Amino acid sequence: MANKVGPFWVGPFCISLLHPYPIAIKHPPHKQRTLRTDLQPLHHFNILLPLPSSSHHKGNGIMVGSLALHQHLASPYHHNYLKDQNSLIQPTCLVPLHQVKSMEDFRKAHAQFLKLGLDCIPPYAGELLSACALSAWGSLDYALAIFLNLEEPRTFDYNVMIRAKVNHDQSKSALQLYKEMIERSINPDNFTFPFVLKACALLSDIRGGIQLHGHAIKLGFDEDVFIHNSLINLYGKCRKIELSYKIFELMGSNRTIASWSALLSAYNRMNFCVDCLHLFAKISCEKLKPDESSMVAALSSCSNLGLLGQGRSIHCSLLRNYPTLNIIIQTSLIDMYMKCGQPDKGMLIFDKLHEKNLWTYSAVISGLAMHNNCKKALQVFSDMLNQGLKPDEAIYVNVLSACSHAMMVEEGLKCFNQMRFDHQIKPNAQHYGCLVDLMICAGRLDEAYELIQNMPIEPTDAAWRSILSACKINGDIKLAESAYSKLEQMDAVNAGDCVILSNMYAELQRWEDAAEVRKEIVNRGLVQAPGFSQVEVKGKIHTFVSHDKSFPQSDEVQEMLYQMDWQLRFEGYATDNLRSSEGQSQKIAIAFALMNTSSVSTIRIFTNLRMCSECHKYTELISKVFERDIIVRDRRRFHHFRLGLCSCDNCW
DNA sequence: CTAGGGTTAG
């Protein structure tokens, strides 16, 4: 049954609307107008008014009301409206809002609503708000002005504004609106929570998030799938993975693919890449199909783990299932190919893209730098600037680290200044860290030290660690000690730092000092990640640790290693030099791959440590003697070995 | 009655 609303005045008319749904209209006192009861309606007409564009009457886009004419109107203007008692009157001046495509059109439409006094009447107010606040062409400020003008905003109006603020990166202010709505006793509904939870997630505001979770339960929204998914996301962003999982578990069969995606990305954030891929494989057990979002999460895990095979198979299934791929997933694919040792494949995807954003460029620039193709990285960066994209501080981290990889000191300093002065970006600790690395790579250690001491912000532990590692090579024990003590002050000492310093003492035959630092590892309860090397053979990943003999082919591999040593001796290389643990595991991985792959295929090794120079030398020679391309990803970058040479030009 | 959740480098 339709509700009758009104009567209220529209211009010279008094209108009563047969409203399709219940609405309480209260006019603010200054807008109240008395109905002239002394005048009998002359005629009744029907009138068409624009409908909220997304309502269930979408088809016509127009709402039918009845109009009673209380005054005799002679002007031709009005006659246009009132032609025939039975015909529908089309108020041509009113453009349906869903046809509005620009702020200019919107202003006109809004003016008409204002003139008719409809601007503060639900559902028009909400419709105006959501059009203006949420469309691509809209304006948050304009929407805010409309919103503030509402005497009695409703839940819907608040929801729209909260959502718009979150979209405009104003999460704090969005939460403020939520607070305001509670204070004004306007009840949040099942739509409110996903928006405000997202705001908390973006702010990593775990306390606020828990409060909201409580509110949602209290208001009885403990069955809502959208709210649950938002909660998984919230706890994931706050690194409370147990809580994310708990919600996920609780949802049982109500889980949707979005629940999985949110959980997968939570695992990724914690760097639980193996578990992430396990979960990804389980999606299909629930009769759900992995979609783009969940595949983005899985691809990111593949990138981190260097799993080319699995990354490729995700790519295939994307190509099978989607006619076009969105920019986010394309970026993930580029990143995956870059990090799994196929930069050419990554570039192929990149070159074919017609839409590129900062993240795409960022993935390519850091990928190219990783493969020691720094010139190209800078080329891509300058293309990006020519495209008119505005660089942000994150992309400058990539650009600067590309410069430091390639020892391009002047270029790096130029970029640093360009960032500060042309693009008005204040350098952060990471940028200074890159500069420090740049100086170190160029062998200007004293300048690096001067820089790190005089930089205007607190240096990161990584920057001090760079200094410490550099000392390892040039043997400056004084500098090493001061870098180490800085790390101590920051409470950021790790096992690797202790090893470096201790080895340096040992080199100087200061045995007591060496032992003292070694003891620190135990005292501080530091654990060193076990070094391993991985290689993919026939789609299966094989992982080896140093002196590994615990795998089926171990005996054959030992034989192979013996032969490899023998061959290298002809090249004048004594393999006894190679004693480091990563060297050992890498040797085994290479031997295993040489034995089990075709003689023309490229060997791809993934190791979690940094390659030492002996290991590097060894691999160079193997690539020459066995005429095999070997690509090694160590924890920082790639080395392409071919015929005795490495892409890194012996600088890493 | 209108609207909504999950996705990317360093």
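From a predicted model like this one, the values you see are computed outputs, not experimental measurements. Just so we're on the same page: letters track the sequence lines, and every chain starts at 1.
When the side-chain nitrogen and oxygen atoms of A:S265 are compared with OP1 and OP2 of B:dT7, one or more of them lie within a distance under 4.0 Å. Residue A:S230 has no polar side-chain atom (N or O) positioned under 4.0 Å from OP1 or OP2 of B:dG4. In this model, the phosphate group of B:dG10 is approached by a side-chain N or O of A:K339 to a distance below 4.0 Å at OP1 or OP2.
Across all strands, A:V225 comes closer than 4.0 Å to base atoms (heavy-atom distances). Among the heavy atoms of the strands, none lies under 4.0 Å from A:D157. Residue A:S300 is classed as a sugar-phosphate contact, given heavy-atom separations below 4.0 Å to backbone atoms only. Nucleic acid contact for A:A394: base, since at least one base atom lies under 4.0 Å from a heavy atom of the residue. The residue A:N357 sits apart from the nucleic acid: no heavy atom pair falls under 4.0 Å. Residue-level contact check: A:R255 touches neither bases nor backbone, having no heavy atom under 4.0 Å from any strand.
The nearest whole Å value for the distance from the CD atom in A:Q330 to the P atom in B:dT7 is 19 Å. Straight-line distance from the CG atom of A:D392 to the P atom of B:dA9: 14 Å, rounded to whole Å. A:L333 has its CG atom 14 Å from the C1' atom of B:dA9, to the nearest Å. Atom CE in A:M338 sits about 12 Å away from atom P in B:dG10, given to the nearest Å. Put simply, CG on A:L358 is 11 Å from C1' on B:dA9, counting in whole angstrom units. The separation between A:Y267 atom OH and B:dT7 atom P is 16 Å, rounded to whole Å. Between the CG atom of A:L202 and the C1' atom of B:dT7 there is a distance of 13 Å, given to the nearest Å. One can place CG of A:N271 at 11 Å from P of B:dA9, the figure rounded to the nearest angstrom.
Other residues, nucleotides and ligands contribute over 12 non-hydrogen atoms within 6.0 Å of the NE2 atom of A:H423. Atom CD of A:E223 has 12 or fewer neighbouring heavy atoms from other residues, nucleotides or ligands inside a 6.0 Å radius.
If you check distances only, the side chain of A:N159 does reach the base of B:dA3 with a donor-acceptor pair under 3.5 Å.
Look at A:F156 and the base of B:dT2; the rings stack, centres closer than 5.5 Å and planes less than 30° apart.
A distance below 6.0 Å separates the ring centres of A:F350 and A:Y361. When ring centroids are compared, A:Y235 and A:Y245 stay outside the 6.0 Å threshold. Under the 6.0 Å cut-off for aromatic ring centres, A:F280 and A:W260 do not qualify, their centroids lying 6.0 Å or more apart. Remark: aromatic rings of A:Y396 and A:F416 are distant, center separation not under 6.0 Å. For an aromatic pair to be called close, the ring centres must be under 6.0 Å apart, and A:H215 with A:F221 fails this.
The side chain of A:R154 lies closest to B:dC1 when the candidates are B:dC1, B:dG5, B:dA3. Which of B:dA3, B:dA9, B:dT7 sits closest to the side chain of A:R163 comes down to B:dA3. Nearest nucleotide to the A:V397 side chain, out of B:dG4, B:dT7, B:dG10: B:dG10. With distances taken from any side-chain atom of A:S366 to the nucleotides B:dA3, B:dA9, B:dT7, the minimum falls on B:dA9. Distance from the side chain of A:F195 is smallest to B:dG4 among B:dT7, B:dT2, B:dG4. Taking the side chain of A:D224 as heavy atoms from C-beta on, and the options B:dG10, B:dG4, B:dG5, the nearest nucleotide is B:dG4.
The residues A:E411 and A:K414 are annotated as salt-bridged, a charged nitrogen and a carboxylate oxygen being separated by less than 4.0 angstrom.
Contacts between residues 231-249 of chain A and DNA chain B, defined by a heavy-atom separation under 4.0 Å, are made by A:N233, A:K237.
Among A:H371, A:K339, A:M370, the single residue meeting the side-chain contact (heavy atoms from CB on, under 4.5 Å) criterion with A:R633 is A:K339.
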